[in-house]
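These figures come from a predicted structure and were not determined experimentally. Start at 1 with the first residue, then count along the sequence.
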Amino acid sequence: MRTENLLVEIGTEELPPKSLKTLAKAFADNLTAEFTATDLPFDTVSWFASPRRLAVRVENLAEKQLDKVVEKRGPAVSAAFDEQGNPTKAALGWARGNGISIEQASRLKTDKGEWLLHKAEVKGENLSALLATRVENALKKLPIPKPMRWGAKTTQFIRPVHSITMLFGADLVEGNVLGLDADRVLYGHRFHGDKKFNLDHADNYLTKLEEQHVVADFEKRQNLILSALEAKAKEEGAKVDFDADLLEEVTSLVEWPVVYAASFEESFLQVPKEALIYTMKDDQKYFPLLDQNGSLKSRFLFVSNIDSKDPSQVIHGNEKVIRPRLADAQFFFNTDKKQKLESRLDSLESVLFQKQLGTLKEKSVRIAELAKFIAAKLGADESVAYRAGLLSKTDLMTNMVMEFPDVQGVMGMHYALHDGEHQLVAKALDEQYKPRFAGDTLPESPISHAVALADKLDTLVGIFGIGQTPKGDKDPFALRRAAIGILRIIVELDLDLDLEELTEASRALFEDKLTNTEVCAQVVDFILARFRTWYQDKGVEVDVIQSVEAKRPTRPADFAARVNGVAKFKSLDSSSALAAANKRVANILAKNDVVGDADVDANLFDSTFEQNLSEQLLEIEIRVKPMLEKGDYESVLNTLAELRQNVDAFFDNVMVMTDNVEVRNNRLALLHKLRQLFLFSADISLLN
């Protein structure tokens, strides 16, 4: 059967840059699913995307579907013929529907009976009859939140569509998609290429477009931009300040990238660099340049979609565009400095945090009190923590943050330093929102730890306290992110903090605002539940996490120590046998009442197996006590692993549920002590 490479391109108006890569990948995935469901054999699928096109190439696609035999089962033989052996109406109707006579039907014999069977040969359809519908289906399933109509057309897409190109090798595949007939027409670069040109072969798609100044391969275009940025930065003796999202967005904005360097007045550098960087990157999609010390230079890079014959005109135009934005930032900064952060506290009364929980001023006071409480636990200066918490939201009322919301916190730090506040107060204002995202750095000082935890806990306790818990994907107050942030700060910094104490301290600060009487327990459980996803992402097995969850340790650092200990214990040869023994012990004890503090009477032992296990339990209990006090659960479990031989011998040779009541209860008490010794760390009976 003939196979060729297929090329499908949708030519459009400029597509949304932040969605371009997602749309292109989804188009390829959807088309892959369509071809798979249609039984069209192919090898691989690649996607391409630029601002004015989405394209997919399918390698070695078959020209037609494979022929196949479809088995169509009819009525049971017992119901297909009457007593005289004549076909019934049901049998005749089934045969007629399949275009055969009863005599042409086969028989299907199974252990449940015998049925009439017709094996129908279905000829595969040609690609030309299938492709347009498959492409249309793939486009309809794209993640487009707001499709649009254009002109007098009734079709909808994310942007107006100008061309549909479908080539199977050198052959045009005819069909109508989104109201347009397929053609071999492509559009070149708006300014450098031909407005339209014909593509002769699917394999020439990328090269022909590059001749028209369009780099359709997204990854290639992105790498070209990255290399050009780094080369230009090297010429400037600087480093490029960029992130993956900005690079992807700029890649989605251009078809023929050209990198230029430009500058702005050095007087703007008096403004904190974070504000300048924000407006350059977020508003203008420029790439700031930093010197070797990380200080902002008065030079920046930008990516143009035009390879100009007179680059100075392009550079001048971009310098002209950025200057008013930087001037705004300079004006806001100079204006904000005239008023101290402390004086902005009262203005927080005018901003509602949440209707039932009060204003930002009230939240700030709660954060201050809770930060003071946490600082005492950490051995940090309580008054400094209180001051940092009180001022934590004041920069939200500055002109700079109102204009550039993403610089909240960092501008609070700059204004606090200008006001003469304690350096740790200023640092805490900057670090209060950390970690902002997965992989973000953590707050560095104990004061910052206290304020960052207080802010997140106040939100969690407050929102849970009024019954607005996250449901499904809806989490408007980012409570899951706050919970993970709390865990990261406490665990990664190894802070000796108890979630029950923290949530209770937070709850008390709300006074009578909260209506949920179970708020503390619910918040603790919600935070601890984040551990499962966190550890699964790190490759920790679910049963290890469950064994620790069963103990519900409310000190996150302690929870983490237990997980690490159990994970290493599970790798020991003896772990599976001890886990099985613990499961057996748990089942026995669950069916029998055992007094928790019942003593084990050695005089009731009637075998050395009981004696040996009891003596080893007493000896190991003494040894692990200091390990437990230090939270060294790995050593605890490694030590308990020494019990394996005596535990196995006990179960192999001792009948626990003997008829003698005294002996039976004594043996149950011995098992209870064994069980409790393991439970100090985790419930290893849950290990698989």
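In this structure, Y260 and I306 have side chains that are not in contact, with every pair of non-hydrogen atoms separated by 4.5 Å or more. With a 4.5 Å cut-off on side-chain heavy atoms, L499 and P556 count as touching. Residues L108 and E114 are not in side-chain contact: their nearest non-hydrogen atoms beyond the backbone lie 4.5 Å or more apart. Using a 4.5 Å heavy-atom threshold, the side chains of L687 and K583 count as separate. Residues E255 and N305 have side chains in contact (heavy-atom distance under 4.5 Å, counting atoms from C-beta outward). Contact check for I684 versus S575: no side-chain heavy atoms found under the 4.5 Å cut-off. For the pair N198 and V185, the minimum side-chain heavy-atom distance is below 4.5 Å. Looking at heavy atoms from C-beta onward, T279 lies out of side-chain contact with Y286 at the 4.5 angstrom threshold.
A salt bridge links R2 and D171; the closest N-O separation between the charged side-chain nitrogens and carboxylate oxygens is under 4.0 Å. A salt bridge links K281 to D241: one of the charged nitrogens lies within less than 4.0 Å of a carboxylate oxygen. Using a cutoff of 4.0 Å between basic side-chain nitrogens and carboxylate oxygens, E13 and R159 are not scored as salt-bridged.
Among residues two or more places apart in sequence or in another chain, the side chain to side chain contact (heavy atoms under 4.5 Å, CB included) test is passed with E14 by P51, R52, R190.
Residue pairs satisfying the ring-ring contact (aromatic ring centres under 6.0 Å, His included) criterion with at least one member in residues 13-53, sequence neighbours excluded, are listed as follows: W47-F218, F48-Y205. Counting only residues at least two apart or on different chains, no salt bridge (Lys or Arg N to Asp or Glu O under 4.0 Å) pair has a member in residues 82-101.
Within a 6.0 Å sphere centred on NZ of K568, heavy atoms belonging to other residues, nucleotides or ligands number 12 at most.
Of the candidates V135, D39, V173, T38, T38 is the only one forming a side-chain contact (heavy atoms from CB on, under 4.5 Å) with L130.
If you take CG on L479 and CD1 on I527, they are separated by 10.0 Å, rounding to the nearest 0.5 Å. Interatomic distance, CD1 of I158 versus CG of L15, reported as 6.5 Å (0.5 Å rounding).
When atom types are taken as modelled, the side chain of N582 and the backbone of S685 share no donor-acceptor pair closer than 3.5 angstrom. Here the side chain of N60 pairs no donor or acceptor atom with the backbone of D43 at under 3.5 angstrom. For Q408 (side chain) and P405 (main-chain N/O), a donor-acceptor pair under 3.5 Å exists by modelled atom type.
Residue K153 comes nearest to R149 through the heavy atom pair O-CD, 3.7 Å, listed as atom of the first residue, atom of the second, then distance.
For the residue pair K18/S252, the side-chain donor-acceptor check at 3.5 Å is not satisfied.
Between F531 and Y535, the ring planes lie parallel to each other; the angle is under 30°, not in the 30° to 60° tilted range.
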